[in-house]
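Report on the following structure.
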Amino acid sequence: EVGAQAFFNCKSAVFKIEHPIKLVRADSFAKCESLEGIDLSKTIMIHEHAFKACKKLKDVHFSSELSMIDKGAFEDCEALEHVELPKSVTFIAGDAFDGCTSLSEFKVDPKNASYTSIDGVLYNKNVTRLMKYPPAKVGKEFIIPETVCEIDNRAFEHTILESVTCNSDILCFGKQVFYESKALRKCDIYLDDRADAQSAWNLGSFLFTLSRKDLVEGWHKDKNGIRWHEIKAFGAKEYSYNLITKSAEQGKPEAQMYLA
């Protein structure tokens, strides 16, 4: 086991690990600027921010028994290019690989029961949740699979994409989904009528300037007992205020947003 903050902020240490590491605690190797590779072939759990901001970390070998990669575990590992996940992994925090700007591909063992990858993009097993599009993945256009109804926080951060299309309705749209994707010029995103206020706000903060004070929330049930999220927006009382629908009504054809 490597304890919490054991080598935190080591600027020039050279690591030679001769014994298997079963557990890597929080911030164990965070900000170890000289760390270029590490063998985690016996590691079962990687705790939060364990390798955060290891700027030169490029090679990581995961254990066939690895079960957890906690939040921000490899955040801002700018040199990391490929991630291969074994069948044993059952939990990957949504921000585990945030800021890995050189990352071009995820590979997931086909026998993994919790996660999968399609063309290098990371999803949950049922492909209903898009977790991370690799920032350095080659290509200018991307069509989100129709099964997807959730998009994680910063899922498309730092990408070189120019166009993203979603042909299904999204129930959960995360925060800063397109953070620092400066090449993006066209984005077709449709929110489901049942999407909550946070998703509407997250999408709106990306596409529009919308004051938070304009949204008032509440829960109601329809005649079938289904809960609907009610939002009052600009004085109009509506179910799941749909920013994309509104943009279409304002003359944006097919609710397409062309970004300046």
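Note on Glu162 versus Arg185: no salt bridge recorded, every NZ/NE/NH1/NH2 to OD/OE distance being 4.0 Å or above. A salt bridge links Lys132 with Glu157: at least one charged nitrogen is closer than 4.0 Å to a carboxylate oxygen. Salt bridge Glu180/Lys182: present, at least one basic N to carboxylate O contact under 4.0 Å. In this structure, Asp152 pairs ionically with Arg129, as a charged nitrogen and a carboxylate oxygen lie closer than 4.0 Å. By the 4.0 Å N-to-carboxylate-O rule, Arg194 lies too far from Asp169 to be salt-bridged with it.
Atom CG in Leu66 sits 9.5 Å away from atom CE in Met45 (nearest 0.5 Å). The CG atom of Asp192 sits 9.5 Å away from the OG atom of Ser168 when rounded to the nearest 0.5 Å. Atom CZ of Phe97 sits about 12.0 Å away from atom CD of Glu75, to the nearest 0.5 Å. Atoms CG and NZ, from Asn202 and Lys175 in turn, are 6.5 Å apart once rounded to the nearest 0.5 Å. Note that CG of Leu103 and CG of Leu80 are 5.5 Å apart. Values are rounded to the nearest 0.5 Å. In this structure, CZ on Phe106 lies 7.0 Å from CG on Leu85, to the nearest 0.5 angstrom.
The aromatic rings of Phe51 and Phe74 sit parallel, their planes meeting at an angle under 30°, below the 60° perpendicular limit.
Listed for the Thr128 side chain is no donor-acceptor partner under 3.5 Å among the backbone atoms of Cys149. Remark: side-chain polar atoms of Ser117 are not paired, donor with acceptor, to backbone N or O of Leu122 under 3.5 angstrom. In terms of modelled atom types and a separation under 3.5 Å, the side chain of Asp95 and the main chain of Asp98 share no donor-acceptor contact. Proximity of a side-chain donor or acceptor of Asn167 to a complementary backbone N or O of Glu146 within less than 3.5 Å is not detected. The backbone N or O of Ser181 lies less than 3.5 Å from no partner atom in the side chain of Thr159, so there is not a single donor-acceptor pair. Although no hydrogens or angles enter the test, the distance criterion places a donor-acceptor pair under 3.5 Å between the side chain of Tyr115 and the main chain of Ile92. Lys137 places a side-chain N or O within donor-acceptor distance of the main-chain N or O of Asp119, the cut-off being under 3.5 Å. Using modelled atom types, no side-chain atom of Ser67 and backbone atom of Thr90 make a donor-acceptor pair closer than 3.5 Å. A donor-acceptor contact shorter than 3.5 Å links the side chain of Asn112 to the backbone of Val89. Although no hydrogens or angles enter the test, the distance criterion places no donor-acceptor pair under 3.5 Å between the side chain of Ser41 and the main chain of Phe62.
Under the 4.5 Å side-chain heavy-atom criterion for Ile, Leu, Val, Met, Phe, Trp and Tyr, Tyr179 and Phe156 are members of distinct hydrophobic clusters. Hydrophobic clustering (side-chain heavy atoms under 4.5 Å, transitive across Ile, Leu, Val, Met, Phe, Trp, Tyr) groups Val127 together with Val164.
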Checklist entry - Are His61 and Leu40 close enough, and set up right, to give a side chain to side chain contact (heavy atoms under 4.5 Å, CB included), and what steps lead you there? => result CA-CA 5 Å; His61 301 283; Leu40 300 175; 5.9 Å; no

Checklist entry - After noting the C-alpha distance and the side-chain angles of Val108 and Tyr123, does the key distance pass the side chain to side chain contact (heavy atoms under 4.5 Å, CB included) rule? => result CA-CA 10 Å; Val108 182; Tyr123 303 88; over 6 Å; no

Next on the checklist: Evaluate Phe142 against Tyr133 for ring pair (Phe, Tyr, Trp, His ring centres under 6.0 Å), listing each step before the verdict.
Outcome noted: CA-CA 10 Å; Phe142 180 68; Tyr133 183 98; 5.0 Å; yes

Checklist entry - Yes or no on side chain to side chain contact (heavy atoms under 4.5 Å, CB included) for Lys55 and Asp76, after CA distance, side-chain angles and deciding distance? => result CA-CA 7 Å; Lys55 302 292 186 181; Asp76 294 332; 4.1 Å; yes

Item to check | Derivation and outcome, side chain to side chain contact (heavy atoms under 4.5 Å, CB included), residues Met68 and His47 | outcome: CA-CA 8 Å; Met68 181 189 78; His47 282 250; 4.0 Å; yes

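Counting non-hydrogen atoms of neighbouring residues, nucleotides and ligands closer than 6.0 angstrom, the NZ atom of Lys107 reaches no more than 12 such neighbours. Within a 6.0 Å radius of CD in Glu105, other residues, nucleotides and ligands contribute more than 12 heavy atoms. Taking a 6.0 Å sphere around CD1 of Ile143, one finds it holds 12 or fewer heavy atoms contributed by other residues, nucleotides or ligands.
Annotation: side chain of Lys125 is not in contact with side chain of Ser114 (no heavy-atom distance under 4.5 Å). Residues Glu36 and Lys58 form no side-chain contact, since every pair of their non-hydrogen atoms from C-beta on lies 4.5 Å or further apart. In this structure, Phe29 and Ile38 have side chains that are in contact, with non-hydrogen atoms separated by less than 4.5 Å.
Minimum interatomic distance between Val138 and Ile160 (heavy atoms only, all atoms of both residues): CA-CD1, 4.5 Å. The two residues Ser64 and Pro86 make their nearest non-hydrogen contact at CA-CB, 4.0 Å. Contact detail for Lys31 and Cys54: the closest heavy-atom pair is N-SG, 4.2 Å. In plain terms, the two heavy atoms of Ala155 and Leu130 that are nearest each other are CB-CD2, 3.9 Å. Ala93 approaches Asp70 most closely through the heavy-atom pair CB-C, 3.5 Å. Minimum interatomic distance between Gly120 and Pro134 (heavy atoms only, all atoms of both residues): O-CG, 3.0 Å.
A donor-acceptor contact closer than 3.5 angstrom links the side chains of Asp196 and Ser199. Side-chain atoms of Ser63 and Thr43 form no donor-acceptor pair, as typed in the model, at a separation below 3.5 Å.
Here the rule is side chain to side chain contact (heavy atoms under 4.5 Å, CB included) with Ile144, and of Ile151, Asp188, Val121 only Ile151 fits it.
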